[in-house]
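Right, one structure below, let's go through it.
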Amino acid sequence: EDQVTQSPEALRLQEGESSSLNCSYTVSGLRGLFWYRQDPGKGPEFLFTLYSAGEEKEKERLKATLTKKESFLHITAPKPEDSATYLCAVQGAPGSGYALNFGKGTSLLVTP
Amino acid sequence: DAGVTQSPTHLIKTRGQQVTLRCSPKSGHDTVSWYQQALGQGPQFIFQYYEEEERQRGNFPDRFSGHQFPNYSSELNVNALLLGDSALYLCASSWDRTTEAFFGQGTRLTVV
């Protein structure tokens with residue numbers, strides 16, 4: 001059974017203080033790993049898709065990386081508007097369906 | 001592009017009642033998936049519709065059913081509501097099931 005574990009559950013950073021969020025996964029064949037940002041009471045907003053180990057993607061202050069067992073979301077010099085819950089999800093290989101299996105998320109608070 | 005739209009945004013129902021939630025996918029998308037998100041948890045997959053058929057189902061009882069229309073919009077029906085059905089219900093659309101999923105803003109269902 002696919003499993004996704006995100007850590008830490010909550011993270012508080014000062015503005016400008018860089019850090020990383022972790023997503024560990026076990027899946028019988030990975031089609032894709034997805035990162036989403038979710039603001040309170042809203043639907044998740046798509047950030048990145050990673051398909052193979054060694055792949056990296058960047059968007060503004062965010063950079064996502066992937067290994068065979070985990071993914072990291074690096075946040076460089078965060079701003080208060082980066083405060084949100086960051087969700088990681090995996091999609092298994094063909095034959096296992098197309099559902100996204102989500103972790104519980106990391107709640108990030110960036111203070112001025 | 002309006003993105004994924006869901007209606008209603010909020011709903012209050014009584015135990016034992018039935019509810020219907022609606023979703024219009026992002027323009028160009030043909031696949032709709034439904035997720036349930038309890039407070040403090042990641043979204044849980046309910047089912048996915050593609051070409052007007054349920055293609056995959058998560059671990060949810062038969063009280064949860066759905067439909068996809070020829071224009072790719074979708075409905076989620078829940079019968080015999082329980083207090084535990086209170087959650088944020090998210091609709092996600094994608095193209096051909098395999099691409100990244102884009103989420104709507106969700107419907108907040110409260111069962112009293």
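Letters A, B, ... are given to chains in the order of the sequence lines, protein chains preceding strands, and every chain is numbered from 1. Given the structure is predicted, the values throughout are model-derived calculations rather than measurements.
Under a hydrophobic clustering in which Ile, Leu, Val, Met, Phe, Trp and Tyr are joined whenever their side-chain heavy atoms come within less than 4.5 Å, directly or via other members, B:Tyr72 and B:Trp34 fall into different clusters. Neither B:Val32 nor B:Tyr50 shares a network with the other; the hydrophobic side chains, linked directly or stepwise wherever heavy atoms of I, L, V, M, F, W or Y lie under 4.5 Å apart, form separate groups for each. Follow the hydrophobic side-chain contacts under 4.5 Å out from B:Phe103 and you reach A:Phe46 in the same cluster. Under the 4.5 Å side-chain heavy-atom criterion for grouping Ile, Leu, Val, Met, Phe, Trp and Tyr, B:Leu11 is not connected to B:Leu90 through any hydrophobic cluster. Cluster annotation: B:Phe102 is not connected to A:Phe48 through the hydrophobic network of ILVMFWY side chains, with a link wherever side-chain heavy atoms come within less than 4.5 Å.
Contacts between residues 23-37 of chain A and chain B, counted as heavy-atom pairs separated by less than 4.5 Å, involve A:Phe34, A:Tyr36. Taking non-hydrogen atoms and a 4.5 Å limit, the residue list of residues 101-112 of chain A in contact with chain B, ordered by number, reads A:Phe102, A:Gly103, A:Lys104.
The 12-atom threshold is not exceeded at CZ of A:Arg12, counting heavy atoms of other residues, nucleotides or ligands nearer than 6.0 Å. By the 6.0 Å contact criterion, CD1 on B:Ile12 is open, its count of non-hydrogen atoms from other residues, nucleotides or ligands being 12 or less. More than 12 heavy atoms of other residues, nucleotides or ligands sit less than 6.0 Å from atom CD of B:Gln18. Surrounding NZ of A:Lys79 are at most 12 heavy atoms belonging to other residues, nucleotides or ligands under 6.0 Å away. Within a 6.0 Å radius of CD in A:Glu17, other residues, nucleotides and ligands contribute more than 12 heavy atoms. Shown here is B:Leu83, whose CG atom has more than 12 heavy atoms of other residues, nucleotides or ligands within 6.0 Å.
Taking CG of B:Leu88 as the reference point, atom CD of A:Gln38 lies at 7.0 Å (rounded to 0.5 Å). Distance CD/A:Glu45 to CD/B:Gln105: 13.5 Å, rounded to 0.5 Å.
Panel note: side chain B:Glu100, backbone A:Thr49; no donor-acceptor pair is recorded below 3.5 Å.
Here B:Ser24 pairs with B:Thr5, B:Ser73 under the side chain to side chain contact (heavy atoms under 4.5 Å, CB included) rule; sequence neighbours left out. In this structure A:Glu58 satisfies the salt bridge (Lys or Arg N to Asp or Glu O under 4.0 Å) test with no other residue, sequence neighbours excluded.
Of all the listed residues (B:Gln56, B:Gln37, B:Gln41), the one sharing the greatest number of non-hydrogen pairs under 4.5 Å with chain A is B:Gln56.
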_Using the rule given for side-chain contact (heavy atoms from CB on, under 4.5 Å), can you reason through B:Gln48 versus A:Tyr98, listing the C-alpha separation, both sets of side-chain angles and the distance that settles it, and then say yes or no?_
CA-CA 8 Å; B:Gln48 183 181 80; A:Tyr98 298 90; 3.8 Å; yes
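With a 4.5 angstrom heavy-atom cutoff, B:Tyr35 touches chain A only via side-chain atoms.
Nearest heavy atom pair, residue B:Pro43 against residue A:Leu87, reads CD-CD1, 4.0 Å. A pairwise comparison of heavy atoms in A:Leu100 and B:Ala101 identifies CD1-CB, 4.1 Å as the closest pair.
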